[in-house]
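A short worksheet on the structure shown next.
On a predicted model such as this, the values are computed, not experimentally measured, just so you know. Atoms considered below: every heavy atom in the structure, side chains included; atoms not considered: hydrogens, waters and symmetry mates.
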Amino acid sequence: SPINKRSPDVTKAWGTKSEHLLRINDHDFTMRPGFGGPAVPVGVDVQVESLDTISEVDMDFTMTLYLRHYWKDDRLSFRSNNNQSMTFDGRLVKKIWVPDMFFVHSKKSFTHDTTTDNVMLRVYPDGKVLYSLRVTVTAMCNMDLSRFPLDTQTCSLEIESYAYTDDDLMLYWKEGNRSLNTDEKISLSQFLIQEFHTTTKLAFYSSTGWYNRLYINFTLRRHIFFFLLQTYFPATLMVMLSWVSFWIDRRSVPARVPLGITTVLTMSTIITGVNASMPRVSYIKAVDIYLWISFVFVFLSVIEYAAVNYLSTLQERRERKLRERLPCTCGLAHPGMLSSNYCDMDPNTTGHYGMPEENGVKREQMLVQLAMENDQVTGHVGSSAYNSMWIDTHAIDKYSRIIFPASYVFFNVVYWSIYM
């Protein structure tokens with residue numbers, strides 16, 4: 001019986017033909033093109049697919065991009081009647097020379113491999129080569145957070161040859177600033193992408209020499225609305241809530257004390273929540289200034305009531321001691337000093353003397369005995385003089401109703417004029 005021959009593997013046969021056409025086995029591709037001669041020029045262009053994350057805590061960013069290299073290798077030139085290029089996948093890349101690019105200051109990076117390695121190699125008959133790959137890279141970005149969250153950050157992705165100095169490989173942007181293309185749909189939740197641009201510099205290493213380095217620079221401006229809702233508005237409302245105690249009766253200790261403590265604890269929670277999502281930097285951020293000044297205003301409102309309560313208690317003690325020291329003045333020979341109805345009044349109202357209320361706030365009068373005759377046994381008051389001094393313990397509350405809001409408004413005007 002006839003023996004059935006296996007059909008040849010078209011892929012392997014084609015691969016063998018292509019490698020034979022490119023004469024891959026006839027050359028040593030461990031050496032760069034034109035070894036011993038001038039530096040081989042390698043053009044680069046980039047298509048930014050997405051800008052995935054920006055992390056203030058780790059101070060880095062993650063970007064997905066298409067990285068394309070252009071150079072000429074005469075060893076890969078071939079004859080073609082129609083001048084058409086040949087396109088290969090990543091299997092041929094391992095057999096020829098390709099630029100050894102790496103990302104400076106990168107923390108991690110990888111080439112996508114779903115469903116196959118996202119690598120493409122295109123060879124033209126004259127030896128020109130296009131090498132493209134899809135890469136995701138996480139790189140460092142040194143951020144200045146002194147104006148956070150009203151800040152603008154500039155980050156850079158740096159591309160450089162690892163082994164070849166500028167004597168062997170000349171790295172450049174293929175079409176200048178037009179070599180960088182971005183997807184119009186790129187957007188970030190916290191940032192507005194203001195600008196993408198490219199630059200080229202030389203990097204020096206003391207042990208190896210000078211290297212060409214390409215920069216992808218992009219500027220980000222942070223959206224403020226989120227922080228207004230989550231940080232600034234709650235802090236402002238807590239400060240305004242602390243002012244409510246200025247309109248509460250100073251004798252209502254159960255009302256004023258818990259209000260002050262609640263606002264202080266709430267401000268502490270807001271400050272803790274903001275700092276929990278931020279790196280531990282050694283300088284003061286803009287949001288820290290606003291929150292801590294707000295915290296000081298809330299804390300001072302508690303101190304204000306402590307001062308009012310203390311002065312009220314001190315005044316009551318003085319009035320009590322004064323009433324104990326005053327002799328009965330009924331039937332005085334000097335009717336101009338005190339009314340004869342003094343003894344008929346309630347002792348607890350000694351400090352008021354029937355004075356009218358002003359603006360709903362009682363004015364308290366404290367009698368101060370300036371001089372009395374030495375002979376008080378007879379009960380006779382001769383040329384003793386009395387003077388009255390007005391002490392209004394509500395004055396602190398009344399002044400606070402104006403000073404606290406005015407000071408906080410002034411602080412906001414200065415703050416937003418500086419940082420906006």
Check the surroundings of atom CD1 in I284: do more than 12 heavy atoms from other residues, nucleotides or ligands lie under 6.0 Å from it?
no

Can you establish whether the number of heavy atoms outside K107 located under 6.0 Å from its atom NZ is more than 12?
yes

Least distance between heavy atoms, Y415 atom then A286 atom
OH-O, 2.8 Å

Compute the ring centroids of W97 and F35, then answer whether they are less than 6.0 Å apart.
no

Between N212 and E160 the two heavy atoms that sit nearest each other are O-CG, 3.5 Å

Considering non-hydrogen atoms only, spot the tightest contact between P99 and L169 and give its length.
CB-CD1, 4.4 Å

Would the number of heavy atoms belonging to other residues, nucleotides or ligands and lying under 6.0 Å from CZ of F225 be above 12?
no

Taking the six-membered ring for Trp, are H112 and F110 ring centroids under 6.0 Å apart?
yes

Check for me whether the distance between the ring centres of Y211 and Y162 falls short of 6.0 Å.
no

For residues F218 and F61, establish whether the separation of their ring centroids is below 6.0 Å.
yes

Starting from the C-alpha separation in whole Å, work towards a yes-or-no answer on salt bridge (charged side-chain N to carboxylate O under 4.0 Å, His left out) for D183 and K185.
CA-CA 5 Å; D183 193 334; K185 297 181 180 179; over 6 Å; no

Salt bridge present between D397 and R256 (N-O < 4.0 angstrom)
yes

Mutual orientation of the aromatic rings belonging to Y131 and W71 [parallel < 30°, tilted 30-60°, perpendicular > 60°]
perpendicular

Working note: E56 + K285, criterion salt bridge (charged side-chain N to carboxylate O under 4.0 Å, His left out); need CA distance, chi angles, decisive distance, verdict.
CA-CA 13 Å; E56 294 87 0; K285 302 181 292 293; over 6 Å; no

So for atom CZ, which belongs to F102, do other residues, nucleotides or ligands contribute more than 12 heavy atoms lying within a distance under 6.0 Å?
yes

Under the salt bridge (charged side-chain N to carboxylate O under 4.0 Å, His left out) test, which residues partner R75, sequence neighbours left out?
D73

Holding to side chain to side chain donor-acceptor pair (under 3.5 Å), I want the full list of residues that pass it with T138, two or more places apart in sequence or in another chain.
T62

